[in-house]
Amino acid sequence: MSHLIDTNLTVDHLLMGNDAIARGALEAGVKVVAGYPGTPSSEIIEGLANVANDMNMYVEWSVNEKVAMEVAAAASFAKLRSMCTMKQNGVNVASDFLLHLSASGVRGGMVIVPCDDPGALSSINEGESRYFARLVEIPLLEPGDFQEAKDMTKWAFELSEELRQVVMLRSVTRLSHASGTVRYDPLPQSEVNAEFVYQGFLLDQMEGIVITAPVGFRHTQQQEKIKKAREIFENSPFNTYTGPEKPDLLIITSSACTLYSREAIDVLKLEDRVGLLKLGTTWPLPPNLLKKHLAMADNILIVEEVLPFLEENVKVLAAEMAHEIGVKTFYGKNDASLPMVGELNPDLVINAIAKIMGIDYQAKSENYAAKAQATVISGAPQRDLTFCPGCPHRASFWSIHNALELDGRKGFVCGDIGCYTMAILPTGFQSLKTCHSMGSGSGLASGFGKLGQFGFDQPILAVCGDSTFFHSAIPALVNARHHNSNFTMVLLDNSGTAMTGFQPHPGLEINALGQEVPGLDIAEICRAMGARVEIRDPFELEETRKILNDLIEDTQEGLKVLILSQKCALSPERKAAKKYEMSIDESLCIGENCGCNRVCTRIFRCPGLTWDKTKGVTRLDEVLCIGCGVCADICPAKAITRKEAA
Amino acid sequence: MTAKQLTKDPYNIIITGVGGQGNVMASRVLASMLVNNGYVVTIGETFGASQRGGSVMSHLRVSTRGSWSPQIPKGKADVVVALEPSEAIRVLCDYGNPRVKILSNTRPIHPVGVIAGELDYPSMEETIKSAEDLAAEVWFIDATDQAVKLGNPILGNIIMLGALSALGDLPVSIQDFKNVIQNSMSKDKHDINLTAFGLGEKLIQQ
Ligand code: SF4
C-alpha cells in the first residue's frame, strides 16, 4: 500500500513536500488531478496516480499546463474537487486560461499548485508564480514546512469552495523536494456525483452558465472574493508570530524562508531580540494582522526568494498605515540586504541579520576556510554535467555537429527545455545556439527560416523532444509549414518525458494510470502537415549524418522533419539488457598518436570510456558502459569492438 | 516515543556522492530509522539535473526541537558520509569544521573532465591526507568492493549506513534498520541487506 493512504494517524510520517501536498489533497477528497511534468512538481501527480484506483480518482498527465488547468476546471464546474500541478514556467503557459477562470470563478474546490525553483536548481529560469496570483486576483497560500504543506493543501479546497474561486498554493524546490515529518488526518469516505448545471439564472455562478461576461459584473464579484479572503486570512492559523513583544528587528517571511529565518535566529541566539512573523496567506495580505505586528518594531526585514513580492505588498500597507504605526526602516531586496537572484539559505539570512544588528558572525575560521578551499581545488576535480553513458542524445548531437561542420555554412541548432538542453555544453558538442521556453526552438527556427530575403543563408536546425513536440512545438511547425519556412526539425524521440522521470505523453500507448490508450504517431502528424519526414536510429551514426546533410541541402522550400528514434538510456527496457559486450584492444589503440587524437575520450566523451594517462590508451569502464555500441563506430583504429550480447 | 538527547541538536549529517549512487535511498532509510526512534528529521536533497553525472548531496537535520532548514548552515556539518571519496573533500569546503567526522567509501567515480584527460583525479593517499587535514576523525572503507563481493555494488550504501551506526553518535542500530526494511523492501532482499549493514558495523569496530 502506498504511504500516501496510510491510515495510521498517531505516528510521524516521513514525507517529501510533494507527498505532503498529495496527502493534503487526498484528505480534502480531491477527485480529478491533472498536470504537466516539471521538476520540482512531478511527484505530486505520480503519487496520486498510484492511489487513483484506491481513492476513485481520475489523474492525468495532460499535453501541457493550459490543458491540464482546463481539465481540472471542468471537474470543478461539475462540482468535484480538483487540482492541477506544474513547475513555475507552466503557469505562464496556463495563464491565459487562468485569467479567464479567475473571472468566471469555480464551483467544486479547485487548487492550482505551481512549484517554483528559486536558484534554477533544475530549470533554465527563475520564474515567479506569486505575481500571477496578484495579477489575476486570486488568493495565494505558501506553506512554511512539511506539516503545513499537507494541512494548507487540505484547507485550500475549503477556502476555494467558500470563495467559489480558484486558489493558488505555491511550493518551492526546497519544500517540494525536501522531506520532513507529517501527522495525518483521516481520509474522507464520501462519494460524489458529477453534474454540470447550467439551467439556472444567467448570473448565478453556481447554477447558470460559466463565463466571464458581463465583464464588469464578474470582475466586481471577483474583487468581492478577494476582500472576503482578506478577512478570512486575518484569523488564519497559518500566520504565526514567535518572539518578544518589542523586538529590535521584525522578520516577515513565508515558504521555505521560514525555515532559513528560524535557523538564522537560532544560530545567532537572538530569540530575545528578533521576532518572526511567518505568513502562510501571502496574497491578499491581512491588513490588521500586519498592522499589529508592524507596530511592534521599527526595523523590518523581509525574507523571501528572488523578487520582492512580499516586500512590495507589505510596504504598500505600511505606507497606508504610517499615521498609526509610525515610520519604519525596511530591509530586504531593495536595500540589497538579500540578493534578488538565486535561492536563499540560512547563511544569507544570518549575514543579513548580523549586518543589520551590527553582530560579528563567521561560519568558520578564516584559517580553516582557506585550507579547505585550497584542498578542494586539488582534491575534488569539478564534475560537469554530461549525457548518461549510452544516451541517444550524445549520438544525435555527434551527427548533427558533424553534418553542420561538413556543410560549412555556419549552420546552427535552436533548442528548448529537456535533457537535450545540455547540448549547449561539451557533452552535446556545443551544438545548441538558442534555448528558451518549451517548443520555442521550433518557433525561432520558423522565424530564422524566413530571413532569406535579407541575405540569410545559414542552415537552420531545431531540436525538440517527443513530449515537447506535443506540448508546444506543433503550433510552431504548423506556422512553419504554412509560411514555407525553410528549416529542418530534428525530433529527439526517446519514448517518454525522460528528464523528469518517464511520465507518459500523447505519443505513447499508456497513460498516468497505467491504462492502455491510443498513442499519436509523430511521423504521421508531420506528414499530414505536408512536411518531408525521415526516420533514423541515431545510433547509426553514418546514416544519420548522411540524411542530415541531405535534408540541409534539400532545395525544396519548406519544413523538413527528421525523427531520431532511440530509447532513453535510463529507460527500464534499456537498463534491463545490454545490447553489446564492448572491448578495447589496447594494442590497437594508439592514443594521442592516432590521427583522431583520441577523439573517443577527448570529444565524444561517453562516461563509459576513460583516458588512462599513464598507459596512453583508452579503457572501458565495465560498470558504467551500458553497451550501446556507438563508440565502436567512431574509433578509426578499430580498437573498440562490439559483440552482440548473449 | 521520547527520543534520547543528541550529542548536538540539531545533529547535521551530509550524505554525498554522484548521481545514480543511491544517495536518496540511503538518506531516506537513515531518516526513517531516526523518525521511528522519535526524532524530527528534515532532509534536503538535490534532484533533477544532478542525476546526470553531477555531485549529489543530502542534508539530514536530526532534532528533538522541530524542523530545521533543509540546507545545513555553512561550516556546521557534524558527520559527512561520502559514497565517493573526492565528494567528501568537496563538501568540506562549504560545510566542514575542525570537529567534523568523515566516513568515506574508497571507490572513485571519475568526472567527465578526468575521463577527457583535462583534469587529474587525486590518489587515495592524497584524498586521505586531505581529509585528515580538515576533519577530526576519518574513516575510509572499501564499501563498493565489499558490496560487489556480496553480489551488488548498490549495497555499498547499506554498508556505509552500518558503518555510520557503529560510529556511535546516532541512536540507530541494526534492529532499527530491520524495522525499516521490513516495511520498505521486498522480503527476498532482507537477508542480504542485513548482512551488508552488519558488515559495515564490523568494518568500523575492527
Ligand atoms: S558502448 Fe561505448 S558509447 Fe555506448 S555506453 Fe559503452 S562506452 Fe559508452
Side-chain angles (χ1 to χ4, degrees), chain A residues 12-14 39-40 121-122 145-147 173-175 177-181 256 259-260 262-264 266-267 345-347 350 363-365 368-369 371-373 375-376 378-388 419 422 426-427 499-500 598 601-603 605 607 609-611 613 621 623-624, chain B residues 18 20 27-28 31-32 35-36 38 40-55 65-76 86-94 96-98 109-122 126-127 130-131 133-134 153:
Chain A
D12 283 335
H13 297 271
L14 180 68
T39 315
L121 301 171
S122 38
D145 64 23
F146 310 94
Q147 184 68 47
T173 306
R174 295 293 181 184
L175 264 187
H177 274 183
S179 303
T181 48
L259 296 169
Y260 305 150
R262 199 183 287 160
E263 183 103 37
D266 188 68
V267 167
N345 57 40
D347 293 272
I350 291 170
K364 35 195 171 182
S365 76
Y368 185 90
K371 199 162 75 173
Q373 185 77 48
T375 313
V376 165
S378 62
Q382 194 184 319
R383 281 190 198 279
D384 285 332
L385 292 180
T386 161
F387 291 131
C388 304
C419 283
M422 288 200 293
T427 192
M499 182 167 203
T500 48
R598 60 180 186 85
T601 49
R602 195 172 51 90
I603 303 190
R605 290 190 186 198
L609 300 170
T610 304
W611 177 241
K613 249 192 182 167
D621 186 324
V623 177
L624 293 179
Chain B
V18 178
S27 63
R28 286 202 78 84
S32 300
V35 170
N36 290 348
V40 182
V41 183
T42 314
I43 319 176
E45 262 147 353
T46 22
F47 280 55
S50 50
Q51 283 167 359
R52 334 272 137 170
S55 310
R65 298 196 285 149
S67 297
W68 296 99
S69 153
Q71 300 183 72
I72 295 173
K74 303 276 149 67
K76 297 222 171 349
S86 73
E87 292 308 312
I89 307 303
R90 193 186 317 280
V91 160
L92 293 178
C93 186
D94 276 342
N97 58 72
I109 295 180
H110 287 170
V112 57
V114 172
I115 291 172
E118 290 158 2
L119 300 173
D120 288 315
Y121 193 91
E126 287 169 305
T127 303
S130 305
D133 273 356
L134 294 169

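Atom set for the values below is all heavy atoms of this structure, side chains included, hydrogens, waters and symmetry mates excluded. From a predicted model like this one, the values you see are computed outputs, not experimental measurements. In what follows, every chain begins at residue 1, and chains take the letters A, B, ... in the order their sequences are listed.
With hydrogens and angles disregarded, no donor-acceptor distance shorter than 3.5 Å links the side chain of A:Arg383 to the backbone of B:Ser55.
Here the closest non-hydrogen pair linking A:Ser179 and B:Glu45 is OG-OE1, 4.5 Å.
Interface remark: A:Thr181 contributes backbone and side-chain atoms alike to the contact with chain B (heavy atom separation under 4.5 Å). Heavy atoms of A:Leu14 lying under 4.5 Å from chain B belong to its backbone as well as its side chain. Using a 4.5 Å cut-off between heavy atoms, A:Lys613 contacts chain B through its side chain alone, with no backbone atom that close. Both the backbone and the side chain of B:Arg28 come within less than 4.5 Å of a heavy atom in chain A. At a 4.5 Å heavy-atom cutoff, B:Glu126 makes no contact with chain A through either its backbone or its side chain.
Contact annotation: the side chain of A:Tyr260 approaches that of B:Pro70 to within less than 4.5 Å [non-hydrogen atoms, C-beta and beyond]. Side-chain contact between A:Tyr368 and B:Leu92 is present, with heavy atoms from C-beta onward closer than 4.5 Å. Residues B:Ser69 and A:Asn345 form no side-chain contact, since every pair of their non-hydrogen atoms from C-beta on lies 4.5 Å or further apart.
Taking the charged nitrogens against the carboxylate oxygens, B:Glu118 and A:Arg605 do have a contact shorter than 4.0 Å, which makes a salt bridge.
Taking CG of A:Leu624 as the start and NE2 of B:His110 as the end, the distance is 10.5 Å to the nearest 0.5 Å.
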